[in-house]
Engineer: 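Before we start, here is the structure in question, set down as structure tokens.
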Amino acid sequence: MAAPPMFFLLATVAVAAALGMLIARNPVSSALWLVLNLFCIAGLYLTLNASFIGVIQILVYAGAIMVLFLFVIMLLNLSALPELESLDWARIGGFAVGLVLLSQLLYVVALELDLGVEPVSGEMAAQVGSAATLGEILFTRYAVHLQVAGILLLAATVGAVLLAQRRFE
Amino acid sequence: MDLSSAFSTIVAELPAIFSMTVVGLVGLVLIVVDAYRNDHPAIPWLGAAALAAASVWEVTQLGAPADTVFFETLRTGGFVAFINLIVLLTGLATTLLSIPYLNQLRHDYGEVYALILYATVGMIMLGSSNNMISIFLGLETMSVCLYVLTGLIREDEGAVESALKYFLLGAFSTGFFLYGIALMYGATGTMVLPEMAAADLATTSTQLLFWGGFALFLVGFFFKVSAAPFHMWTPDVYQGAPTPLTGYMSTATKAAAFAALILVLVHAVPGGEWQLVLAAVAVLTMVMGNVMALAQTNVKRLLAYSSIAHAGYVLVGLAAGTQAGYAGALFYLLVYAVMNIGAFGVMALLEWDGKEGREQTLSSLAGIADRRPILGTTMGVFMFSLIGFPPLGGFAGKYFVFAPAVEAGLTWLVVIGVLMSALSAYYYLRVVYVFWMQSAAEVEATNPVTEAAFPPATRMAMGTLVVCAVALVVLGIFFGGVLETTAGFFEASAMAAAP
Amino acid sequence: MDVALNWYLALSAVLFTIGTLGVLFRRNAIVVLMSVELMLNAVNLTLVAFSQSMGDPSGQMLVFFSIAVAAAEAAVGLAIVIAIFRSKVTVDITEINLFKH
Amino acid sequence: MSSAPLLRLVLLLPLVGAIVNGVAPLFVEDLRTREGLLGTIGTAVVAVPFVIACYLFVTFGGEPVVANYFQWMAAGDLELAFAYRIDELSLIMTLVVTGVGGIIHFYSIGYMHGDPGYWRFFAYLNLFIFAMLNLVLANNLPVLFLGWEGVGLCSYLLIGFWYTDLSNSTAANKAFIVNRVGDFAFLVAMFLIFRELGGLSFDVILAQGPALPEATLNWIIFLLFVGATGKSAQIPLFVWLPDAMAGPTPVSALIHAATMVTSGLYLLARLSALVLGAPVVMALIAIVGGATALMAATIAIAQNDIKRVLAYSTVSQLGYMFMAAGVGAFFVSVFHLVTHAFFKACLFLGSGSVIHGMEEVEHDLEERGHDTSDFDPQDMRTMGGLGAYMPSTRTTYLLATLAISGIPLTAGFFSKDEILFKAFEYGYSGGETYAMIVWIVGVITAILTAFYMMRSYMLTFEGTPRWPLADQAEPHESPSSMTGPLWALGILSMVGGFIGLPAVIQDGKWNWIHHYLGAKYGGPVAEASVQGHVPLALEWGLILLSSVIAVGTVYYAWRVYTAQGLAYDAVLKRRFRGLYQTWADTYYWDDFYDQVVVDTLINGISRKGLAAFDDKIVDGAVNGVADAAQNASGLLRRVQTGIVQNYALALALGAALVVGLMLAGI
Amino acid sequence: MNIPYLTSLVIFLPAFGALLTLFLRRATAIRWTALATTTATFVLSIGLFTGYDPTVSTAQAPQLVDIWAEWLPEAFDVKYFVGIDGLSLLLVMLTTLLGPIVVLSSWTYIQEKQKGYYALLLLLQTGITGVFTSFDLFLFYIFFELTLIPMYFIIGIWGGKERIYAAVKFVIYTLVGSLLMLVGILYLGYAAGEAVNSGIFTTDWYTLLEYNVPLATQGWLFAVFAFSFAIKVPLFPVHTWLPDAHVQAPTGGSVILAGVLLKMGTYGLLRFCLPFFPNVAQSYAGLFAVIAVIGIIYGALVARVQDDAKSLVAYSSISHLGFVVLGLFAFTPEAMQGAVIQMINHGLSTGALFLLVGMLYERRHTRMMDDYGGLATAVPILTTFMIISVLASAGLPGLNGFVGEFLILLGAFQSTVIDSPVLIAFATTGVILAAVYLLHMVYRTFFGELTEAANAQMADLNAREFGLMVPLIVLMFVLGFYPTPFLQQTAPTTDFLLETVEEKRMAIEAQANDEPTTAETPRKVPSAPLEAEEVSIDLPDETP
């Protein structure tokens, strides 16, 4: 577990970035805000000693997925859409539901959390979060899953091509 | 565990996932074949052969005892075989029904069959999960393939719109679903289902975590099985998706998702604390599905609402929370798969506007049964079965989901269920009477059908529909054996064998 | 002194809610998609936090697969957005309502 | 030969006749015109039973013979057989039914000549005889009811015999339905009897019935009496009988005068032991009878249709019989029933002969090119002077008229006098005041009867012909196959009364019918009539009184109608002003039923009320539920906006709800 | 004569015939197949009549039984269990008799899609026969519902103008009732299984009969069963589907509908409602009697103002079935036997009426009485049959209708359960009203002058029509004069039922008195039911 200043810094930036993504009018800005957020989260992973996931986070998310997003935004040459002006029922409802959901989640996870077990030590956590540990599990216990994940990605690729290719004329 | 011993275990246990392997590999082959021989006519048949072979394998596994393989990540045995069988057979039927449909559209869709196979792989994984990761991965594999299949006909605004809606909402629900898993994991410290049940929820906060997580987890499933109020994508997506694939979506998806839900309920949360939630959602689902179906004029949309309603009936069985309830739900899933595949199949063969039936109002099909008596008859069987008329499978299915609910003291729920069934008769019968009892002249169809517009009904497609219809009659009369099989999956002794 | 687990969880909950609001409010399909990614990320944080706190790697395994899924979803999702942009020349999801009622 | 097999023959022969006459010609059209064959069969199957009945009558040993043929129905405590009973009452009734019936059958051979429905006619008549025999011979109430309804059916079929004229069918429907009202009461009476006694056989009823509490008996007898008012045309259910004259005249004679209409009376006589236990209802019976007699007699005065006069006369005479029953003198009413059968049948057949003649005139006129659309062969105003053309008819009609008027020594004199005497005696020595009223009514009715009957005779047979072209178109006497029966009945009307000579003669020893029936069907007054509670002189006085009345009235009517003819009706009309019109319009009973009862029930309650209720409310509710569901669906559908964010909102909301519900449940 | 599986044969032979017709092409061949099958079925069913021995008690099991117990998994004591007792015998006979008659009546009436028509007709017969022979509630329910599908198509495809409305109404109306009954069946099955069948769900009629349903649950169970059957009968005020269905249905459909289909309701009341829920049945007997009497009078009055002959006959059915229900709820042997025999009678006489109206319709293509008039001259044989049928229907002694009505009313009058002679007297007014509306029909249709040329040229019955009417007419007389053989067959069973009802009623009352209503048992949550070997169910103390 991280030292408080580090955590709160990253957390604050993460929340701010998330809000930035939510509020920014231009999709490109949104994407960039999100990238910031993803970096913060990667940082949080590192504070948790989850080195492997932290690296993956940066590589896959920030490096691959967000590039894809930006690429598509550029490709489609999207500009800012006019957001809804007035507070209609859907928006009020959305806020209300979001608030309820948040309070429920906080009630569940944050208040007087007591898992009944002590958190493991930092070293042990670092070992658990290491590429070695995770890799071993991945290639033994989750070997089949890995194959299926491969199929999933293949399907996504095939599907993306199928959907996005130009129509035959 | 070290890598070398693990490898030998994996190889040794490979037959346990025979279906998944065969289907997945043939899927890969199809992509390759399609890449070199674009749209080769053998592609669908290859896919069908894989599905058929896997089905045969699963039949032999129906009596197998429950066990886990791959380090407790996947389950095997009768239950899994049964669900796989439903998934594989619906996949097979879909493949057969898609051939004439896609030929009609005259585009190369070789990948479609591969995607069907991939989705099937995901469903098989979902239906044989023994831990949360399997569930998640299976669910997502299935979903991603289905997003693509929905938007298959990319020239069509409707299809793409459906795909977008399906995708956005699906991804949204995945968020809740994953959150749920995370919280349950946090409360129990494990991803393995039986271990979750065994975990000691000693403190209040672990209980809160667990049940809050389970609630969010349920949300994901409710979305996939289109239970109200998570159902709203269903009509829009079903209407826009290619019709045979809609059938696939509405049946195999539900079968696999419900199977996983049953596995979770049975193994991870065997208590009855969720009964009220399931019952409430069941009520809402049955009411919304049936009531909203009443005023539909588009057959596909109508069938979409109907499939929502049917999810409600299955939930009634689950809400009972007894062996008999689960067994009944499984049986119901089988029957439901047969009848819905059939109903969508008929609609696929009667589709003439080239726009995924979205402009096809019921009245434009007036008197169609006179011209297509086999389609008319089979549609009649499907509709009556969907209402729940004996001696068709639909009745037996309803009976065996309602009975356990009554036994469990949920009589009020069953009363709502039967009343909604009665209501449902109204719209199902409408399909029947439009097909059989009206003539085009009578209703002054705005969009008259020309004979040439129908997809050529291949022998195989017709055969599939007839087999479905006959299967419903057989399931409606001689359901004892099937039911005994499904009940066997949940007997205390069979469950005890599982770790 | 370390930050307690519940702070991570709370942060994750907040991020999740922001993601949810993004889905609910943004009209741009791509931004909605991004909001979903944010939601998944928030959950991943929870998972990793639990996993590291308990010393159990399976949580991170799920995160690993979740990232794979997110990638696949992003690919498919963006392909769909492209397809819809081609036919409708918009990515405003409030205007994509051919099917209703 | 024992009587049971013979009885079977009596019962079955008419049935066989009905089947042969009814079924064969229905399918073989050639048979329909074989009148000789049809008529012979039809008559024979009634005549032979008459002969057998005579034999049974002669050999009857005094103890009732019960013949159980086969079981009808059995359920729970109910054991019903087709059981028949030979005793004094049923024998007399059988003789009348087959005897008079036979004569009328014979008459019909000629009367119905040339009618396309000849075969049907005889089939119906035979069926009627079968049903009537069931009625009078039954040994339990349901079999009696079988006959009771059977005769109603035949009456229906025969009234509507000429069905192409809808008014006939209307009359038939009316007869059947009004009778059914009575039958309804009869049924309820049966249920009540079964409830109280556990059996419906006469053996049981007669043995145990009288012991029932008076209230129960009152109900039973009241209900039976309501049944009887239907069949025997008493107030308030008499309205069908005058309309029933739409049927062929032999039918009027047989069914609507001689036999069927008396079955109500027969029923009371059969159960007289019970009736006597219900004094309140007896008074009611007597009063209703008296009122009916008086009312019908007054109506008869103002009628111009010859058959309607006779019809109202029948109603009136039936009222007489009920008066007798009401004072407990059942055997006397049976006596009057027998004599009435003779003279009323004779009158009807005579009127039939007249109508026959007048139809001949109508034909004649038609052939001469005269407009006959207004010509009514039954209207006495167009008759007159027929005696000259139809001597036999005239003579027999006159004989019967004298008999019904009660001219001394005719059949009607004895029976009617006996009724009046019993009524008087019941009131005088029995202390029942209502009987005295009844007696007074009876006397008045007797006067009226003599008057209107003479009027009908005078208008028909005397005076000068009043039909158009009377000098050219001439009616002829009917053939002997018709006049023969007339003579037979005419003579019976003269001598038939000697079976019941009054007590003043030979101290009652010659009152055969009294000895034959009195013991069982006499009631308290039976003894009295012999023993003489009433001084002999008083009885002589009463006889003298009725003689004077009869002779005086007949003479008066003869005088005024000889002098003034048809014009005297106008005098009557003037003299009685409002009353006369009321009589002519039959006291507005028909209007009451048509407009108040029938119209309210059918147009008001059924059509505007229930049928509309059924359509709008009951069915409307069902359709309303369907519409409501449809509307709900239409409304709910709007939730499905097509906008994905709304769906997402619902999803999130649902998630919040599910989480909330789940956490609340923990 | 001892044919194995005779009962099953009688049930399924028509279905087999239906299957056969599907493979035939020529309409003539299809018709003859249908006729041959139904006739053969009727001949076989005579074997049932002769094979059934009323002197042998059916208190333990019916006769001529076929059982297949392995139909369902062991957790469900649900059997294929068919047999004959006094209650079913006559109704089965009526069904099989009407089979060939209906086929013959449709011979020329049905011109289109003959294959479907006859196949459905035969299937329908299987369903109906099954209903009357099932001794398992589940099986009964299956057959009960099975009859709806063919009838839906028969009305909907070959019916009149408003056929679809009528067909859908018919199905949904019935379905609402029967599905609620299904819930009742489920509940009863578990409760009875718990109490008398060592915990195994049961729908065996005799096993259920052993179970004394507690007073608390009898109420609503009776309500759902009775509601379902009341719709089928149909009782006022749930009757409005009937006139629509009848008027729109083709002749054959109407005959089956009136002849036997409606009897399923009264049969169900008698077979299930009364013996299973004796206390409630008796305490609500008065209500049912009132409803029945309302039905009798109401049906008759509404019938009187119909302009459509078929509609008139349809409403008359409502009136007549009211008598049957009255008889059932009187709980006296006379009334109950009367009710049973009246079911047969109504089938014969109303069936005949529908046939004759159908024959008129076939000739003139109108059912409006105003379009006719004076037909007696043109079609004397038809007229004769019509009058006989009308009289039978109106309950004239000597014809069948009287026997039933008389026994019912006589019995109901004695009934201590209804105990209201005045009410029965009101019911008796039905005999007046029956004459009113039926004679009105005869009057409007057959009497008067032949005004229309089309009517004058109308052909009388041909040999086929004559032949199909004769059995009905003959039976009307036979049942009118000599119903004894039929009554004898039913008597032991009705006696048994009445005794059972009385015994159970006493037992349940005693039971209720012994155990004063215990405190409400907490509703059990199915906690960890998978571990539990035996399934236990809770009986919630629900009061209706």
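Computed from a predicted model, the values in this text were never measured in an experiment. To find a chain, count down the sequence lines: A is the first, B the second, and so on, and within it residues start at 1.
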Engineer: With chain A as the partner, which of C:V63, C:L33, C:T20 has the greatest number of non-hydrogen pairs under 4.5 Å?
Structural biologist: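 Sorted descending by pairs with chain A, the first entry is C:L33.
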
Engineer: If you count heavy-atom pairs under 4.5 Å between each of A:L154, A:L19, A:L101 and chain C, which one has the most?
Structural biologist: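 Answer, by heavy-atom pair count under 4.5 Å with chain C: A:L19.
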
Engineer: Which pair of heavy atoms, one from C:A29 and one from C:V81, lies closest together, and at what distance?
Structural biologist: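 Residues C:A29 and C:V81, closest heavy atoms: CB-CG2, 4.2 Å.
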
Engineer: Between C:F25 and A:F95 (judged by ring centroids, cut-off 6.0 Å), do the two rings come close enough to count as a pair?
Structural biologist: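 Ring centroids of C:F25 and A:F95 are less than 6.0 Å from each other.
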
Engineer: May I ask you to test the A:Y142-C:F64 pair for a side-chain heavy-atom distance under 4.5 Å?
Structural biologist: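 Heavy-atom side-chain distance check fails, nothing below 4.5 Å.
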
Engineer: Does either side chain, that of C:Y8 or that of C:S53, offer a donor lying less than 3.5 Å from an acceptor on the other one?
Structural biologist: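 Checked: C:Y8/C:S53 side chains show no N/O donor-acceptor pair below 3.5 Å.
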
Engineer: Minimum heavy-atom separation for C:R26 to A:S30, with atom names?
Structural biologist: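 It is NH1-OG, 3.6 Å.
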
Engineer: Counting only non-hydrogen atoms closer than 4.5 Å, does A:L102 touch chain C with its backbone (N, CA, C, O), its side chain (CB onward), both, or neither?
Structural biologist: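 Both the backbone and the side chain of A:L102 come within 4.5 Å of chain C.
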
Engineer: Does any backbone or side-chain atom of C:E37 lie under 4.5 Å from a heavy atom of chain A? Answer side chain, backbone, both or neither.
Structural biologist: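 Answer is both: backbone and side chain atoms of C:E37 are under 4.5 Å from chain A.
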
Engineer: Side chain, backbone, both or neither: which part of A:L68 has a heavy atom under 4.5 Å from chain C?
Structural biologist: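 Both parts, heavy atoms under 4.5 Å.
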
Engineer: Please classify the contact of C:L24 with chain A as side chain, backbone, both or neither, using a heavy-atom distance under 4.5 Å.
Structural biologist: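 The answer is the side chain of C:L24.
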
Engineer: What part of C:N44 lies closer than 4.5 angstrom to a heavy atom of chain A: side chain, backbone, both or neither?
Structural biologist: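 The answer is both parts of C:N44.
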
Engineer: Please rank A:Y45, A:F8, A:F52 by heavy-atom pairs under 4.5 Å with chain C and give me the top one.
Structural biologist: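 Highest number of pairs under 4.5 Å: A:Y45.
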
Engineer: To the nearest 0.5 Å, what is the distance between CZ (A:R91) and CG (C:L21)?
Structural biologist: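 With rounding to 0.5 Å, CZ (A:R91) is 10.0 Å from CG (C:L21).
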
Engineer: Checking C:V89 against chain A: side chain, backbone, both or neither under 4.5 Å from a heavy atom?
Structural biologist: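 For C:V89, there is no contact with chain A at all, as no heavy atom is under 4.5 Å.
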
Engineer: On a heavy-atom basis, which atom in A:E136 and which in A:T140 lie closest, and how many Å separate them?
Structural biologist: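 Scanning both residues, the minimum pair turns out to be O-OG1, 2.8 Å.
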
Engineer: Side chain, backbone, both or neither: which part of C:L15 has a heavy atom under 4.5 Å from chain A?
Structural biologist: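 Answer is side chain: those atoms of C:L15 sit under 4.5 Å from chain A.
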
Engineer: Heavy-atom distance under 4.5 Å to chain A: side chain of C:I18, backbone, both or neither?
Structural biologist: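 Both parts, heavy atoms under 4.5 Å.
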
Engineer: Given heavy-atom pairs under 4.5 angstrom as the criterion, report whether the side chain, backbone, both or neither of A:Y61 touches chain C.
Structural biologist: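 The side chain, not the backbone.
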
Engineer: Between C:I84 and chain A, with a heavy-atom cut-off of 4.5 Å, which part of the residue counts as in contact: side chain, backbone, both or neither?
Structural biologist: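 Neither the backbone nor the side chain of C:I84 comes within 4.5 Å of chain A.
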
Engineer: Of the backbone (N, CA, C, O) and the side chain (C-beta and beyond), which part of A:A18 lies under 4.5 Å from a heavy atom of chain C, both, or neither?
Structural biologist: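 For A:A18, the contact with chain C is made by backbone and side chain together.
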
Engineer: For C:F85, is it the side chain, the backbone, both or neither that has a heavy atom under 4.5 Å from a heavy atom of chain A?
Structural biologist: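 Contact with chain A is through the side chain of C:F85 alone.
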
Engineer: Specify which of A:V97, A:L22, A:L99, A:L105 makes the most heavy-atom pairs with chain C at under 4.5 Å.
Structural biologist: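 Heavy-atom pairs under 4.5 Å are most numerous for A:L22.
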
Engineer: Can you name the closest pair of heavy atoms from C:A13 and A:L106 and give their distance?
Structural biologist: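 Shortest heavy-atom contact: CB-CD2, 4.0 Å.
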
Engineer: Per the side chain to side chain donor-acceptor pair (under 3.5 Å) rule, which among C:T46, C:N41, C:T17 passes with C:S12?
Structural biologist: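 Single side chain to side chain donor-acceptor pair (under 3.5 Å) partner of C:S12 among C:T46, C:N41, C:T17: C:T46.
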
Engineer: Taking all non-hydrogen atoms of both residues, which atom of A:V128 and which atom of C:G55 are closest, and how far apart?
Structural biologist: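 Nearest pair, atom of A:V128 first, then C:G55: CG2-O, 3.5 Å.
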
Engineer: Is the side chain of C:R86 donor-acceptor paired with the backbone N or O of A:Q165 at a distance under 3.5 Å, no angle test?
Structural biologist: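 Judged by distance alone, yes, a pair lies under 3.5 Å.
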
Engineer: Heavy-atom pairs under 4.5 Å with chain A are the metric here; pick the option from C:G19, C:G77, C:S35, C:A68 that has the most.
Structural biologist: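 Result: the option with the highest number of such pairs is C:S35.
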
